[in-house]
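Read the structure below first, then the notes.
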Amino acid sequence: MISEEQLDQFRVSGETVRVVRDEMEVNDVLGIVVAWDESSVVIRRPNRRVVKLSRIYSYAPASEERAKPFEDAT
């Protein structure tokens with residue numbers, strides 16, 4: 001789960017983030033962090049629509065390489 005500090009950094013900087021929800025890259029959400037609460041984050045996409053996503057997903061700057069969401073820990 002992403003921390004309050006990380007979310008605040010993304011919101012203040014206005015940096016585009018990538019939200020990885022599953023193994024398929026086409027399902028990633030790109031946008032800026034607008035707001036959040038205990039269980040969800042609101043992302044504004046480039047087309048100005050907003051999406052409410054769970055905080056359990058992987059959040060990272062869009063400029064970084066895409067992270068594998070379910071890497072095997074063994």
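All values derive from a computational prediction rather than experimental measurement. Along the sequence shown, residues are numbered consecutively beginning with 1.
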ask   = So do D8 and W36 actually touch side chain to side chain, heavy atoms under 4.5 Å?
value = yes
query = Should F10 and V42 be regarded as members of a common hydrophobic cluster, given that ILVMFWY residues are connected when their side-chain heavy atoms come within less than 4.5 Å of each other, either directly or indirectly?
reply = no
key: Non-hydrogen side-chain atoms of V33 and I43 separated by less than 4.5 Å   = yes
request  = Please identify each residue that fulfils side-chain hydrogen bond (donor to acceptor under 3.5 Å, both in side chains) with N27, with sequence neighbours left out.
outcome  = D22
remark   = Sorted by chain and number, sequence neighbours left out, side-chain hydrogen bond (donor to acceptor under 3.5 Å, both in side chains) with R45 holds for none
note = Minimal heavy-atom distance between R18 and A62, with the atoms involved, is NH2-O, 3.8 Å
ask   = From S39 OG over to M1 CE, what is the distance, rounded to the nearest 0.5 angstrom?
value = 7.5 Å
key: Co-membership, hydrophobic cluster, residues V17 and V29, 4.5 Å side-chain   = yes
request  = With sequence neighbours excluded, tell me which residues meet side-chain hydrogen bond (donor to acceptor under 3.5 Å, both in side chains) with Q6.
outcome  = S3
key: Transitive ILVMFWY side-chain link Y59 to V34, under 4.5 Å   = no
task = Treat each ILVMFWY residue as a node, draw an edge where side-chain heavy atoms are under 4.5 Å apart, and state whether L7 and I32 are in one component.
result = no
remark   = CG of L53 to CD1 of I2, rounded to nearest 0.5 Å, is 11.0 Å
message = Taking V41 as the starting point, is it possible to reach V19 by hopping between hydrophobic residues whose side chains are less than 4.5 Å apart?
response = yes
inquiry  = Whether D28 and R21 form a salt bridge (side-chain N of Lys/Arg under 4.0 Å from carboxylate O of Asp/Glu) is what I want to check.
reply    = no
ask   = In terms of side-chain geometry, is the basic nitrogen of E4 or R55 positioned less than 4.0 Å from the acidic oxygen of its partner?
value = yes
